[in-house]
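Below, chains carry the letters A, B, ... as their sequence lines are ordered, and counting in each starts from 1.
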Amino acid sequence: MSKIKKKRVGFVLDMTPLVDIAFLLLTFFMFTAKFKSETESEQKFTIKRPMASADTSKVPEKDLAMIKIGIDTVANDTAYYFSLSNEQDRKIVYNSDKIQIPEEARQKIILKVTDLKTMEALIRQTRIVNIRMKFAIDADKRIKYKWIEDLTEVMRKSNATIFNFVTDRPS
Amino acid sequence: MGGGGGGLSVQPRVKRGSFATVRKKKKRVGFVLDMTPLVDIAFLLLTFFMLSTTLTTPQVMEMSIPPETENVEVKQSELLTILVRDDGQIFKVLGDKKQNPPEKVALKDLRALSINENMRLENRLIVALRVSNQVPYELVIKILDELNIAETEITQRLAAKGMKRERKFAMTPFTEEDREDLKGL
C-alpha cells in the first residue's frame with residue numbers, strides 16, 4: 001500500500017462495474033429469497049432429509065398437511081409434528097372436538113403428536129374439512145422405519161393413500 | 001472501499017476538498033456523487049439476502065399405498081419381492097420363495113434388477129417391497145429412489161415397444177415369517 005501511495009497522491013477507483021454487479025446480485029437474492037414460514041419458525045429441531053434424485057417435483061404449497069418426524073436432539077426425543085398450511089382449515093381442524101389435545105395446544109401452529117390415535121383423528125378430520133388436502137411426510141433420515149410404517153398404516157385407515165416423502169436433492 | 005465512487009465524474013475532475021466552492025459558484029460542469037454510503041448499504045443487504053436464502057428447496061417423492069378395503073390378487077410368478085432385513089441387508093425373492101430362496105442383492109444392483117425383471121415379464125411384474133421396521137428411513141428412501149429411477153427407464157423401454165406402463169411397485173408389511181426366512185442368510 002505504502003509503495004503505491006508514494007507514487008500517486010490521489011487515486012480514484014472506478015467502482016461502477018462493481019456496484020452494477022452488486023446490485024444485480026442484490027436484486028437476484030431479494031427476489032429469490034423465501035423466508036421461513038410461521039410453521040418453520042416454531043419448530044425447535046432441524047430435519048436431516050434423505051437424498052433422492054428420481055422424483056424432483058416441488059413440495060405443494062396450497063392445501064398441504066405436513067407431518068414431520070423429527071428428532072429433538074436436546075431432549076433426545078422423537079415425535080410426530082402435524083401442521084396445516086391453510087390457516088382456516090387449521091383452525092377448524094385443531095378446534096374439532098373429535099381430537100383430544102390440551103386446550104392450549106389448539107392455538108398452536110404445530111401440533112406435537114405422540115400417540116397414533118390422535119394422529120388418526122387429525123388425519124381423518126383434515127380430510128373431512130378439506131378433501132383436496134395433500135399429505136407430506138417430512139422425516140429425519142436417521143429415524144427407524146417403524147415411525148413411517150405406523151404412520152402410513154394410520155393413513156391407510158383414513159383413506160389417505162397418496163402422500164409425498166419430502167427429500168433433498170443430492171448436491 | 002475508500003474514496004467516493006467516481007463513476008459519474010467528468011473532466012476536469014473535482015477534488016473532494018473543493019466541493020463546497022464548486023457549489024457556491026453554481027457553475028457545475030461535471031459533478032461527483034459520493035456513492036460510498038449507497039454501496040455500503042447495497043453490500044449490507046446483499047450479504048443479508050445471500051446468507052438468509054436457502055437455494056436448496058426440498059422436493060417430494062410421491063408414494064401411494066393400497067387402500068385398506070382393496071385386496072389385489074397377484075400371481076406368484078409375476079411377483080418380485082424385495083426384503084430388507086433388520087441390519088439393512090437387501091434380499092430378493094423371485095416368485096415363490098420355496099422354489100427361489102431369498103438371495104442377497106446390493107443396493108446398487110436394484111435398479112438393473114428391476115429393469116431386467118420388468119422387461120422379462122413385460123409389464124406384468126409387481127415389485128413388492130417389505131422393509132423391516134428396524135431399518136433406518138434413509139435406506140428405505142434410497143431403495144425407493146433406485147426403483148423410481150428404474151421406473152423411468154422401464155417406461156421408456158416399454159413405450160418403445162408400444163406398451164404403456166401400468167404396474168408399479170407396492171409397499172407391503174414385513175412379517176415375522178419374513179424375519180425367520182432371512183435369518184442366517
Give, as side chain, backbone, both or neither, the part of [X] having an atom under 4.5 angstrom from any heavy atom of chain A.
X: B/Leu139; value: neither
X: B/Thr47; value: neither
X: B/Ile141; value: side chain
X: B/Val140; value: side chain

Contacting moiety of [X], where chain B heavy atoms sit under 4.5 Å:
X: A/Ala136; value: neither
X: A/Ile162; value: both
X: A/Phe163; value: both
X: A/Val59; value: both
X: A/Asp140; value: backbone

Below 4.5 Å, heavy-atom pairs only: which of B/Leu45, B/Ile149, B/Asn133 has the largest tally toward chain A?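 Highest number of heavy-atom pairs under 4.5 Å: B/Asn133.
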
Top of B/Met63, B/Lys142, B/Glu146 for chain A proximity - count of heavy-atom pairs under 4.5 angstrom: B/Met63

Strictly below 4.0 Å, N to O, side chains only: are [X] and [Y] in salt-bridge contact?
X: A/Lys112; Y: A/Asp77; answer: yes
X: A/Arg106; Y: A/Glu103; answer: yes
X: A/Glu153; Y: A/Lys157; answer: no
X: A/Asp115; Y: A/Lys117; answer: no

Which one of A/Asp138, A/Val19, A/Leu26 has the most heavy-atom pairs closer than 4.5 Å to chain B?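 The candidate making the most pairs under 4.5 Å is A/Leu26.
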
Is it true that A/Leu116 and A/Ile143 fall in one hydrophobic cluster, defined by side-chain heavy atoms closer than 4.5 Å?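 Shared cluster, yes.
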
Taking the inter-plane angle between the rings of A/Tyr94 and A/Phe82 on a 0 to 90° scale, is it parallel (under 30°), tilted (30 to 60°) or perpendicular (over 60°)? tilted

Might you point out which heavy atoms bring B/Ser114 and B/Ile154 nearest each other, and give the distance in Å? OG-CD1, 3.7 Å

I'd like to check A/Phe165 versus A/Ile148 (side-chain heavy atoms, cut-off strictly below 4.5 Å). Are they in contact? yes

